[in-house]
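Read the structure below first, then the notes.
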Protein chains: 2
Amino acid sequence: METVERLIRSTQELLWERGYVGTSPKAIQRAADAGQGSMYHHFTGKAELAKAAIERSGAELRAAAEEQLGGAGTASARISAYLGRERDVLKGCQVGRLAADPEVIADPDLRAPVAETFEWLRGRLAEVVAEGKRAGEYPDSLDPERTAATVAAVVQGGYVLARAAGSTEPFELAVQGLVDLMGAK
Amino acid sequence: METVERLIRSTQELLWERGYVGTSPKAIQRAADAGQGSMYHHFTGKAELAKAAIERSGAELRAAAEEQLGGAGTASARISAYLGRERDVLKGCQVGRLAADPEVIADPDLRAPVAETFEWLRGRLAEVVAEGKRAGEYPDSLDPERTAATVAAVVQGGYVLARAAGSTEPFELAVQGLVDLMGAK
DNA sequence: GTCTATAACCCGATAGAC
DNA sequence: GTCTATCGGGTTATAGAC
């Protein structure tokens, strides 16, 4: 694999685990097996490299969500598939994790790909909910935008509760509780 | 205010904003207006001080939640009051924020107060849901533990989405979506 | 109980050789 | 394109004076 690719992937992994504040250029170089000069030849610094890594992670999140949300079956089945798909729950969300980082949130260039990723996710979920309403799966009273935000929040919050507990159980409970609520009409 | 108190409160504030990894003893000393020697006289180091600060933040979260959850009114009204109470949404949750920090999660002494806080919250929410079931507000089919986890997750996930978006809107949508779902029977 | 001095190392970046 | 050297500053303490 080329150096640039190794740098981006190593940065993705470190941002996921330690955030922007907790990730040093030296750690990236070690993980990517690249020298100091090499990293600064390809990128102007930590921020530019992080931007590339966050954009990549956002694209990966969209692709993974689209696998379930764009699949076959009823709207309800696709949302349940999205909620229930295999996840490394204790590792958390590679994009959502960055919302906790003060320097990502403070820098418009770094926050933009995070914001866009969740905007896309909420919009895509809202589309599926709207389809479900048209198919008679959900009551007319259900608001697609609100429901979409709730679904995305349960996933992100489920990660938080699971990591806090050191167990995947709270994530699974939260998701199951939401599925119960969306099934009861 | 005494030095120890200033140190704990400054550490709470910095952990909230920057996490454990992003908070240095020097920054704490500056914020607390305490010298190096002073800090190390009262605490063995950063970890012990952080432990005291996290325990304090956990107690504050419990007290704030109990204000709504232990108030008057129906179960449904108390849960809505909890969800809708005034929050500094873009600042996030002072306890939930720590679930993102690798060193908090890796150190049992630091993770324990985070875990206990959310265990308490989920338990307390489950009690209120169970009361609501007995009062006929919620259907018999509703599982209190699952529902409690969903409520806690929507709040934590709402913070994540709001910080990502740079706007409180996603938080409000997610909460309203949950209230809608819990009202529809 | 608080001060200053010092330790050994890491931080993010730049310079210039190769 | 990658290397090593260097920069000025920060990190988490420890030591010992006051």
Side-chain angles (χ1 to χ4, degrees), chain A residues 1-56 97-98 100-111 113, chain B residues 1-55 97-98 100-111:
Chain A
M1 208 188 302
E2 318 93 49
T3 303
V4 169
E5 185 65 19
R6 286 202 316 276
L7 283 166
I8 292 176
R9 294 198 192 177
S10 298
T11 304
Q12 280 185 277
E13 205 57 45
L14 283 162
L15 288 180
W16 194 348
E17 199 181 313
R18 302 191 51 84
Y20 184 79
V21 159
T23 297
S24 69
K26 184 175 238 178
I28 293 169
Q29 292 150 26
R30 203 183 311 125
D33 196 27
Q36 194 116 332
S38 186
M39 189 194 113
Y40 282 101
H41 173 73
H42 294 292
F43 297 92
T44 58
K46 174 177 163 176
E48 195 186 80
L49 180 44
K51 185 170 183 290
I54 297 171
E55 282 165 354
R56 177 77 65 89
R97 193 258 172 267
L98 299 168
D101 199 296
E103 300 191 10
V104 169
I105 294 310
D107 181 340
D109 282 354
L110 295 180
R111 188 172 65 75
Chain B
M1 206 188 302
E2 317 95 47
T3 303
V4 169
E5 186 64 18
R6 286 202 317 279
L7 283 167
I8 290 176
R9 294 198 192 178
S10 298
T11 304
Q12 281 185 276
E13 206 55 46
L14 284 162
L15 288 180
W16 194 348
E17 200 181 311
R18 303 192 48 85
Y20 184 80
V21 158
T23 297
S24 69
K26 184 174 237 177
I28 294 168
Q29 291 151 27
R30 203 184 309 126
D33 196 28
Q36 195 115 332
S38 187
M39 189 194 114
Y40 283 101
H41 172 74
H42 293 293
F43 297 92
T44 57
K46 174 178 162 175
E48 194 186 80
L49 180 44
K51 184 170 186 290
I54 297 171
E55 282 166 354
R97 193 260 172 269
L98 299 168
D101 199 297
E103 299 191 9
V104 170
I105 293 312
D107 181 339
D109 282 355
L110 295 180
R111 188 172 66 76

Taking for each residue the nucleotide of DNA chain C bearing the nearest heavy atom, is the 5' side occupied by A:Thr23 or by B:Gly35? B:Gly35
Whole angstrom value for the distance that separates P of D:dA13 from CZ of B:Phe43: 14 Å
Of the candidates C:dA13, C:dC3, D:dA13, the side chain of A:Tyr40 sits closest to C:dA13
Side chain of A:Lys46, heavy atoms from C-beta onward: which of C:dA13, D:dT14, D:dT2 has the nearest atom to it? C:dA13
Can a side chain N or O of A:Thr3 be found less than 4.0 Å away from OP1 or OP2 on D:dT2? yes
Does B:Glu5 use its side chain to pair, donor to acceptor, with the backbone of B:Met1 at less than 3.5 Å? no
Round to the nearest Å and state the distance from B:Arg18 atom CZ to D:dT11 atom P. 9 Å
Would you mind telling me which of C:dG12, C:dC11, D:dT11 lies closest to the side-chain atoms of B:Lys26? D:dT11
Rounded to the nearest angstrom, tell me the gap between atom CZ in B:Arg30 and atom C1' in D:dT11. 12 Å
Could you tell me the separation between the CE atom of A:Met39 and the P atom of C:dC11, rounded to a whole number of Å? 12 Å
Just the rounded figure in Å: distance from P of D:dT12 to CG of B:Leu14. 12 Å
Would you say A:Ser24 reaches C:dC11's phosphate, i.e. side-chain N/O to OP1/OP2 under 4.0 Å? yes
Starting at atom CD1 of A:Ile28, determine the distance to atom P of D:dT2, rounded to an integer number of angstrom. 16 Å
Judged by atom type as modelled, is there a donor-acceptor pair below 3.5 Å linking the side chain of B:Arg18 to the main-chain atoms of A:Pro102? no
From the list D:dA5, D:dG1, C:dT2, which nucleotide is the closest neighbour of the side chain of B:His42? C:dT2
So what does B:Gly37 touch, heavy atoms closer than 4.0 Å: a base, only the sugar-phosphate, or nothing? base
Of the candidate nucleotides D:dA13, D:dT2, D:dT12, which contains the atom at the shortest distance from the side chain of B:Gln36? D:dA13
Taking only side-chain nitrogens and oxygens of A:His41, does any of them come within less than 4.0 Å of OP1 or OP2 of D:dT2? no
Nucleotide D:dG1, atom P - distance to CG of A:Leu7 in whole Å: 13 Å
Quick one: which of D:dT12, C:dT2, D:dC3 gets closest to the side chain of B:Pro25? D:dT12
Please give, in whole Å, the distance from C:dC11 P to A:Tyr20 OH? 13 Å
Minimum heavy-atom separation for B:Ile8 and B:Ala53, please, with both atom names. O-CB, 3.9 Å
Minimum heavy-atom distance between A:Ser38 and A:Thr3, given as atom pair plus value: OG-CG2, 3.4 Å
Determine the minimum heavy-atom distance between A:Tyr40 and A:Gly45, stating which atoms define it. CE2-CA, 3.8 Å
